[in-house]
Every structure is written in C-alpha cells, then in structure tokens.
Amino acid sequence: MGGVDAQNGETSCSFLLQQLQQIWDEVGETDEDRDKMLLQIDQECLNVYNRKVDQAVKSRAHLLQALADAKVEFSRMLSALGEKTYDGIPEKNSGSIKEQLAAIAPALEKLWKQKDERVKEFLDVQSQIEKISSEIAGTSEQVESPKVDESDLSLKKLDEFHAQLQDLQKEKSERLHQVLEFVSTIHDLCAVLSIDFFSTVTEVHPSLNDSTGVQSKSISNDTLSSLARTVLALEEDKKQRLQKLQELATQLIDLWNLMDTTEEERSLFDHVTCNISASVDEVSIPGALALDLIEQAEVEVERLDQLKASRMKEIAFKKQAVLEEILVCAHIEIDSEASQHKIMALIDSRNFEPAELLVDMDNQIVKAKEEADSRKEILDKVEKWMAACEEESWLEDYNRDQNRYNASRGAHLNLKRAEKARILVGKIPALVDSLIAKTRAWEQDRDTIFTYDGVPLLAMLDEYMMLRQDREEEKRRLRDQKKFHEQIKEQETPFGSTPSAARPLGTKKVVGPRANGSGNRRLSLNSHQNGSRSTTKDGKRDHSRMVAPVNYVAISKDDADSHISGTEHIPSTP
C-alpha cells in the first residue's frame with residue numbers, strides 16, 4: 001500500500017494529493033482542469049468540516065439540553081418528594097457537559113426509584129381511601145383505580161392521606177359496629193317473632209348474610225337506614241303482638257277465674273300468661289310472640305267464651321252454695337230459693353255480664369265471712385249457753401230418777417256427770433249476762449239487730465231470763481208449800497206416827513235448748529215450739545219459722561238436796 005504512511009499507518013491528504021498529481025501527469029490533465037479539480041476538492045473538504053461542525057454543535061446542544069432537563073427533573077422530583085436538598089448533587093458548571101451528566105445521573109436514578117416507591121405508597125393509601133369511601137357511599141361495585149398526583153409526593157401529603165384513611169377506617173369500624181348491632185337486634189326480634197332472619201336481613205342487603213365475612217358487609221348510608229327501618233318495623237310488630245297477647249292472656253285469666261279452671265288446664269297456656277305484665281324489652285324468649293301462639297290463644301279464648309254461658313249456672317250455684325254455707329254456719333237467715341231464682345233470671349237475661357255477677361257474688365262471700373267473723377265470739381258463747389242448758393235439762397231428769405243411787409251399771413258415771421252439770425249450771429247466769437252485754441255492744445257498734453237463725457238473740461235471752469225468774473218464783477212457792485204441808489202433818493199426826501206420802505207434784509220446765517232430744521239449737525219465743533227446728537218436705541231448713549234456745553233453770557246443789565225426792569213431784573203450773 002504505497003499510499004500508506006509507514007510511521008502512523010494512516011493515509012494522509014498530502015499523500016493522496018501526490019498520488020492524484022501523478023495520475024494527472026500520466027493522463028495529461030491541463031493546469032486549468034487541475035485547478036478546477038483542486039477547488040472542487042477544497043470545497044468538498046470544507047463541506048465535510050461544516051457538516052462535522054454542525055453535528056458537533058447539535059451534539060453539544062443536545063447534551064446541554066439533556067443536562068438542563070436532568071437538572072430540571074432533579075429539581076422537580078426533589079420538589080415533588082418534598083425534599084429541599086439532596087446529598088451528592090454535583091457542583092454547578094464543574095467539568096465537561098458529559099462529566100456533569102455522568103455526575104447527576106446516579107442521583108437522578110435514585111430519585112426516580114424513590115419517586116416510584118412513593119407513588120406506590122400514594123396509590124395504596126388512595127386505593128384504600130377510595131374503597132372505603134365507595135363502601136360508605138354504597139358504590140363499591142364501581143370503584144376505579146385512583147390517579148396519583150405526582151406533582152406532590154411529599155411525606156406531608158402522604159401523612160394527610162394516611163390521616164384521611166384512619167378517619168375513614170374509624171368511620172367504617174363504627175358503621176360496621178352499627179350494622180352488626182342492627183343485625184343482632186333483628187336476629188333477636190326475628191327469634192321472638194318467629195320470623196325468618198336470613199330472608200329479613202338479605203332483603204336489606206345480600207352481604208348481611210352470615211356466610212359473608214364481617215369486613216364484606218355493606219356499611220352504606222342506605223344499608224344503615226334500611227336496617228334502622230327494619231328494626232323499627234320489627235319492634236312495632238313486637239309491640240302490637242305483645243299487646244294482643246296480653247289482651248288474650250287477660251281474657252284467658254278472666255275466663256279461667258270465671259269458670260274455676262284447674263291449675264293443670266291453666267298451665268297449658270303458661271307461655272301466654274307469663275308475659276301478661278311484661279314490657280316490650282322484657283320479652284326475649286324465642287317464639288314468645290309467634291303468630292301461631294297468638295292464634296292458639298285466640299282459639300282458646302273463643303272456646304272458653306262458648307263454654308262460659310253453659311257453665312255459668314253451675315259456677316254461680318257453687319258460689320251460692322258457699323255463701324249459704326257461711327251464712328248457715330253463722331246462723332244468718334237466707335232465702336235460698338229466692339236467691340237461686342234471682343241467679344237464674346239474671347243468667348237468662350240478655351243483659352247478663354258473667355264477670356260482674358261473679359264479682360258481686362264474691363263480694364257477698366267476703367262480706368258474709370266478715371259478718372261471720374264478727375259474730376264468732378257471740379256464737380261461741382251461745383254454743384256454751386246451749387250446752388249448759390242441755391246439761392241442766394239432763395240434771396233435772398236425773399234428779400227425778402228414783403233409782404239414781406242404785407248400784408246399777410253406769411250409776412257412778414251419771415253421778416260424776418251430775419256433779420259436773422251442777423257446776424256448769426251454776427255458771428249459766430254469768431254466761432247469759434256476758435252474752436247479753438256482748439250482743440248489745442255488737443248491735444250498738446253495727447247499728448243492727450243480732451239475729452240467731454232469724455230470731456233476735458236479745459229477745460231470746462230476755463225470754464230466757466223471764467222464764468228463769470218465773471222458775472225461781474215457782475221454786476220458792478213449792479218450798480213454802482212443802483213447809484206448810486209438813487207443819488200441818490206434824491200438828492195432825494199424834495205420837496209422831498209416820499206421815500203419809502205427799503201428793504206428787506209436777507215440775508215446771510222452762511223452754512230451753514235441745515228440748516225433747518231434738519238436738520236443735522234454736523229457742524222459741526213460744527214455749528209450745530220446744531226448740532224444735534222446722535223443716536220442709538225435702539228436709540231443708542225452713543227459715544220462715546225461726547226458733548230460739550230452750551233452757552232449764554239451774555238449781556244449786558243445796559237446793560237439789562233440800563228439794564223433794566224423785567218420788568215427790570212438785571205440781572206443775574199451767
């Protein structure tokens with residue numbers, strides 16, 4: 001290669017020009033042609049230089065622009081990231097352009113990575129914000145990917161988003177708590193009312209079904225409002241059902257009380273009556289207000305209503321029997337037949353109200369018991385008086401028995417009874433006085449007359465006292481008559497001969513209790529009744545004929561000893 005410089009191994013322009021001159025010489029180019037060719041070569045060389053210069057200028061401008069852009073980007077990212085300074089930033093205008101670009105490139109790359117990480121953080125927090133916001137708004141199905149504002153990726157802005165996210169998370173938690181409370185309340189209400197819980201809550205929103213996770217449940221304003229309306233509707237339904245059930249329970253109890261229903265039959269509806277006085281909040285047992293339970297109670301009330309009319313006569317007569325028993329035991333007169341006719345007429349009338357009738361009869365029973373209690377002390381004394389009178393009657397019969405001292409079987413028992421009877425008879429005057437005093441006090445306190453089976457007790461006692469007084473006068477007269485006869489006999493009988501037996505005299509009995517062994521405890525104001533109690537054809541007591549106790553006058557032991565013997569009867573008075 002002759003055109004190659006041996007030293008530097010390169011082809012130079014002078015060598016090429018020499019080679020061109022030799023070719024021209026051989027060809028025989030003229031000087032003019034040679035000058036034209038040289039000018040052309042110079043021009044072409046200049047053009048090449050110009051192009052290279054232009055390229056160099058463009059390259060420098062591009063590098064300068066790249067450096068300026070890098071610096072701007074660096075500044076912009078620093079500003080976006082909220083950084084005021086950054087370590088490793090090269091000094092301004094130090095080194096060539098490429099050196100400056102090489103120096104700023106690593107820092108710029110780090111900022112790019114930091115920016116990408118910061119964008120991801122913003123994207124994450126903004127996505128959560130958008131998601132929760134859409135859940136609250138009820139538009140979670142239409143959530144779009146958030147757009148990050150890369151002009152402000154500062155930590156301050158990120159903290160603001162985090163604070164917003166925390167507020168939303170707190171609000172979501174509160175809303176979720178409200179939703180769960182509503183769902184729990186609906187569950188309890190549905191249980192009490194026997195309503196399908198799942199269909200009720202899923203009707204509000206499908207996500208409220210237990211099969212979905214807690215965090216997936218709807219917390220939108222519409223869901224909360226719908227849940228609140230559902231709770232209010234269920235509570236109102238619960239209130240109305242409870243009111244209905246309590247009305248039915250009250251009717252059941254009234255009907256049970258009306259018809260004296262047994263506890264066993266009542267226990268079948270304990271689940272109905274147990275809530276008769278409960279408030280709405282107190283009813284929490286599942287199925288307590290079920291519709292079928294209310295319908296069951298309605299059917300029972302209707303059945304008892306139909307049964308009520310047929311059983312009212314039986315119930316009323318039972319209560320009337322209780323009332324009559326109290327009055328009879330208290331020796332209060334009552335017209336049983338008239339009362340029964342009145343009850344029958346009232347039940348058969350159209351204006352019949354069973355509850356009022358039974359309440360009225362219950363009130364009569366209460367008043368009768370109170371009346372009986374107020375009479376008890378006096379009646380007890382009347383019983384003692386009558387018992388004493390019976391003993392007095394027995395004693396009179398015993399004293400007239402001529403064989404009472406014979407050693408017959410049971411004679412010693414009669415002798416003991418006679419001794420006790422004399423003591424008891426001796427207490428009769430005090431007993432009667434006490435009975436009169438208490439009876440008068442009772443009448444003054446109540447401003448009414450104390451009757452014994454329809455007969456005024458004081459009248460009975462007054463008659464008894466008058467008869468007793470007549471008996472005492474009869475005793476004195478008999479004693480005087482006996483003494484008179486004895487004196488005459490002593491004067492007429494010589495030498496103390498034994499007098500003949502005196503003419504037997506009859507005794508005079510006072511009308512007293514249980515005369516003639518009748519066992520009756522009524523005194524008659526007419527002595528001919530002898531204390532017997534009149535009866536009707538069917539054996540029932542005839543309250544139209546009232547009798548009073550009969551009695552004998554008590555005789556002291558000394559009087560009995562001095563009295564004529566059983567063989568000497570005192571003549572009875574007419």
Side-chain angles (χ1 to χ4, degrees), residues 72-84 86 109-191 195-237:
V72 170
E73 181 67 13
F74 189 86
S75 299
R76 188 179 65 79
M77 284 194 293
L78 281 179
S79 176
L81 295 172
E83 303 289 345
K84 295 182 179 180
Y86 186 84
E109 186 177 356
K110 289 181 179 180
L111 285 179
W112 272 112
K113 290 181 179 181
Q114 186 176 351
K115 175 187 175 183
D116 291 340
E117 292 176 357
R118 189 70 58 83
V119 168
K120 290 180 180 179
E121 292 181 21
F122 271 84
L123 186 62
D124 180 60
V125 69
Q126 286 182 245
S127 296
Q128 295 183 58
I129 291 173
E130 289 292 333
K131 183 176 181 296
I132 296 176
S133 298
S134 63
E135 290 176 358
I136 294 174
T139 58
S140 56
E141 297 82 1
Q142 304 173 0
V143 177
E144 296 180 357
S145 178
K147 294 181 180 180
V148 178
D149 182 10
E150 297 185 4
S151 64
D152 188 358
L153 299 175
S154 64
L155 293 176
K156 179 181 179 181
K157 186 67 175 179
L158 185 62
D159 291 339
E160 290 178 0
F161 278 120
H162 277 298
Q164 183 181 355
L165 178 61
Q166 288 179 355
D167 291 340
L168 288 173
Q169 288 174 338
K170 181 179 179 182
E171 183 178 357
K172 178 181 178 179
S173 177
E174 292 174 351
R175 284 171 172 264
L176 187 59
H177 182 69
Q178 288 179 341
V179 167
L180 295 178
E181 280 190 345
F182 278 132
V183 170
S184 177
T185 302
I186 292 173
H187 178 273
D188 294 341
L189 290 170
C190 288
I195 297 175
D196 185 27
F197 165 69
F198 293 108
S199 62
T200 302
V201 293
T202 52
E203 185 177 348
V204 175
H205 197 278
S207 67
L208 300 180
N209 193 305
D210 283 346
S211 61
T212 60
V214 174
Q215 297 297 326
S216 300
K217 297 187 182 299
S218 174
I219 58 172
S220 66
N221 292 332
D222 291 341
T223 299
L224 288 173
S225 299
S226 183
L227 285 172
R229 288 193 300 270
T230 303
V231 169
L232 288 176
L234 291 174
E235 287 179 343
E236 182 63 25
D237 191 13

Can you list everything that forms a side chain to side chain donor-acceptor pair (under 3.5 Å) with Thr230? Sequence neighbours excluded, please. none

Kindly indicate whether the side chain of Val179, heavy atoms from C-beta on, has any atom under 4.5 Å from the side chain of His205. no

Salt bridge flag under 4.0 Å for residues Glu117 and Lys113: no

Could you check whether Ser226 and Thr223, counting side-chain N and O atoms only, form a donor-acceptor pair closer than 3.5 Å? no

Are Leu208 and Thr202 side-chain neighbours, meaning at least one heavy-atom pair lies under 4.5 Å? no

Would you call Cys190 and Leu234 a side-chain contact if the rule is heavy atoms closer than 4.5 Å? yes

Less than 4.5 Å apart, side chain to side chain, heavy atoms only: is that true for Leu153 and Leu158? no

Arg175 CZ to Ser218 OG distance, which is reported to the nearest 0.5 Å: 9.5 Å

Can you list everything that forms a side chain to side chain contact (heavy atoms under 4.5 Å, CB included) with Lys156? Sequence neighbours excluded, please. Ser154, Glu160

How many angstroms lie between atom CZ of Phe182 and atom NZ of Lys217, to the nearest 0.5 angstrom? 15.0 Å

What's the verdict on side-chain contact (heavy atoms from CB on, under 4.5 Å) for Gln126 and Lys147, showing C-alpha distance, side-chain angles and the deciding distance? CA-CA 8 Å; Gln126 286 182 245; Lys147 294 181 180 180; over 6 Å; no

Under the criterion side-chain contact (heavy atoms from CB on, under 4.5 Å), I'd like the reasoning laid out for His187 against Val201: C-alpha separation, chi angles, the key distance, then a yes or no. CA-CA 9 Å; His187 178 273; Val201 293; over 6 Å; no

Please walk me through it: do Leu155 and Arg118 pass side-chain contact (heavy atoms from CB on, under 4.5 Å)? CA-CA 9 Å; Leu155 293 176; Arg118 189 70 58 83; 3.5 Å; yes

State, yes or no, whether a side-chain contact exists between Val183 and Val204 at a heavy-atom distance under 4.5 Å. no

Just do the side-chain contact (heavy atoms from CB on, under 4.5 Å) check on Leu168 and Ser133 with the steps written out, would you? CA-CA 7 Å; Leu168 288 173; Ser133 298; 3.5 Å; yes

Rounding to 0.5 Å, atoms CD1 (Ile136) and CD (Glu171) come to a distance of 3.5 Å

Side chain Ser220, main chain Glu135, donor-acceptor under 3.5 Å: no

If you measure from CD1 on Ile129 to NE2 on His162, what distance do you get to the nearest 0.5 Å? 8.5 Å

Do His177 and Glu181 pair up side chain to side chain, a donor and an acceptor below 3.5 Å, judged on atom types alone? yes

Tell me, yes or no, whether the heavy-atom count around Glu236 atom CD, taken from other residues, nucleotides or ligands under 6.0 Å, exceeds 12. yes

Glu121 and Phe161, any side-chain heavy atoms less than 4.5 Å apart: no

Thr200 OG1 to Leu189 CG distance, which is reported to the nearest 0.5 Å: 10.0 Å

Output for pair (Ile132 CD1, Ser127 OG), nearest 0.5 Å, gives 11.0 Å

